Amino acid sequence: MNRVVIAACIGCVLAMLSISFIGFFYMAITGEALSWTYSLARLFIPWIGMLSITVAFKAGEHVALTMFVRLLPAPLRRLLRRAGVAAIALFALLLIWYGWDFFSFSTQMYMVSDRIQIDGRWVAACVPVSGAVLLVHLADGVRLLEPVDAPAAQDALPAVD
């Protein structure tokens with residue numbers, strides 16, 4: 001699942017870059033700007049931001065203060081990990097609950113240009129989708145409760161137990 005999400009983020013970034021380059025080259029060649037490139041490119045930003053949260057969470061880089069946590073006694077670290085997983089689960093459920101309403105009742109159309117309109121639901125869908133991806137990652141909960149120590153981080157910071 002994480003690879004799919006990373007691929008989707010990469011796809012969104014590539015789409016943004018492609019649209020921006022089209023606008024840049026069009027302006028460089030003709031001297032006139034395309035009215036739709038900026039508006040269309042920015043519609044990918046919510047998807048990149050929301051899905052990136054799930055990638056960081058899966059990598060153990062969510063709201064964790066690694067250096068601070070390593071200074072705590074082992075039992076307290078375990079308790080904080082469990083509390084963190086519970087908080088992320090609650091956050092994911094809230095993203096789905098409120099995000100679904102946000103998606104369902106989104107009726108506006110984004111006017112990218114006079115001919116291009118994008119349904120607001122396309123952008124709003126990133127909220128419940130990100131909540132669902134977080135829940136999929138939480139299904140791997142036992143591993144998430146284990147300490148996430150990258151080899152580079154172990155070399156950089158002394159372990160304190």
Side-chain angles (χ1 to χ4, degrees), residues 1-21 37-110 112 118-161:
M1 172 58 94
N2 206 39
R3 289 181 184 193
V4 172
V5 173
I6 291 170
C9 287
I10 290 170
C12 287
V13 169
L14 291 176
M16 282 181 62
L17 287 173
S18 298
I19 292 164
S20 297
F21 281 130
T37 55
Y38 174 74
S39 298
L40 185 59
R42 71 182 178 154
L43 294 179
F44 290 94
I45 293 171
W47 279 98
I48 295 167
M50 292 299 292
L51 290 177
S52 295
I53 291 170
T54 69
V55 173
F57 173 68
K58 183 71 173 176
E61 297 173 0
H62 65 292
V63 236
L65 304 170
T66 306
M67 200 157 103
F68 172 72
V69 170
R70 285 185 177 195
L71 296 173
L72 298 173
L76 188 53
R77 283 195 309 251
R78 280 191 293 277
L79 177 67
L80 287 176
R81 266 190 238 108
R82 283 182 170 76
V85 168
I88 295 296
L90 177 63
F91 178 65
L93 291 171
L94 290 172
L95 282 175
I96 293 170
W97 181 266
Y98 291 107
W100 184 256
D101 282 346
F102 178 53
F103 167 76
S104 298
F105 298 115
S106 180
T107 58
Q108 73 239 35
M109 296 294 285
Y110 290 109
V112 176
I118 304 291
D119 193 327
R121 288 188 181 119
W122 187 85
V123 175
C126 72
V127 178
V129 167
S130 295
V133 172
L134 278 174
L135 285 181
V136 169
H137 289 332
L138 283 170
D140 192 21
V142 174
R143 191 193 68 73
L144 293 171
L145 291 173
E146 296 300 319
V148 179
D149 293 326
Q154 286 177 345
D155 296 339
L157 298 170
V160 177
D161 275 47

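On a predicted model such as this, the values are computed, not experimentally measured, just so you know.
With values rounded to the nearest 0.5 angstrom, C126 atom SG is found 12.0 Å from F44 atom CZ. Between atom CE of residue M50 and atom CD1 of residue I45 there is a gap of 14.5 Å, rounded to the nearest 0.5 Å. One finds the CG atom of L95 at 9.5 Å from the CD1 atom of I88 (value rounded to the nearest 0.5 Å). Annotation: the span from L138 atom CG to L93 atom CG amounts to 8.5 Å, rounded to 0.5 Å. Of the inter-residue distances, the one linking I6 atom CD1 with T54 atom OG1 reads 8.5 Å to the nearest 0.5 angstrom. Interatomic distance, CE of M16 versus CZ of F21, reported as 11.5 Å (0.5 Å rounding).
Considering only residues two or more places apart in sequence or on other chains, A125 meets the side-chain contact (heavy atoms from CB on, under 4.5 Å) condition with W47, F103. For the side-chain contact (heavy atoms from CB on, under 4.5 Å) test, residues two or more places apart in sequence or in another chain that qualify with V13 are L17, I48. Here N2 pairs with H137 under the side chain to side chain donor-acceptor pair (under 3.5 Å) rule; sequence neighbours left out. By the side-chain contact (heavy atoms from CB on, under 4.5 Å) test, I118 pairs with L40, L43, Y110, V112, I116, W122, sequence neighbours left out. S106 pairs by the side-chain contact (heavy atoms from CB on, under 4.5 Å) definition with Q108, R121, A124, not counting sequence neighbours.
Here the closest non-hydrogen pair linking I19 and T37 is CG2-O, 3.2 Å. In this structure, L72 and R77 approach most closely via the heavy-atom pair O-NH1, 2.9 Å. Minimum heavy-atom separation, P128 to I96: O-CG1, 3.7 Å. When all heavy atoms are compared, the tightest approach of V123 to P46 is CG1-CG, 3.6 Å.
Within the structure, side chain to side chain donor-acceptor pair (under 3.5 Å) contacts touching residues 95-104 (residues at least two apart or in different chains) are W100-S104.
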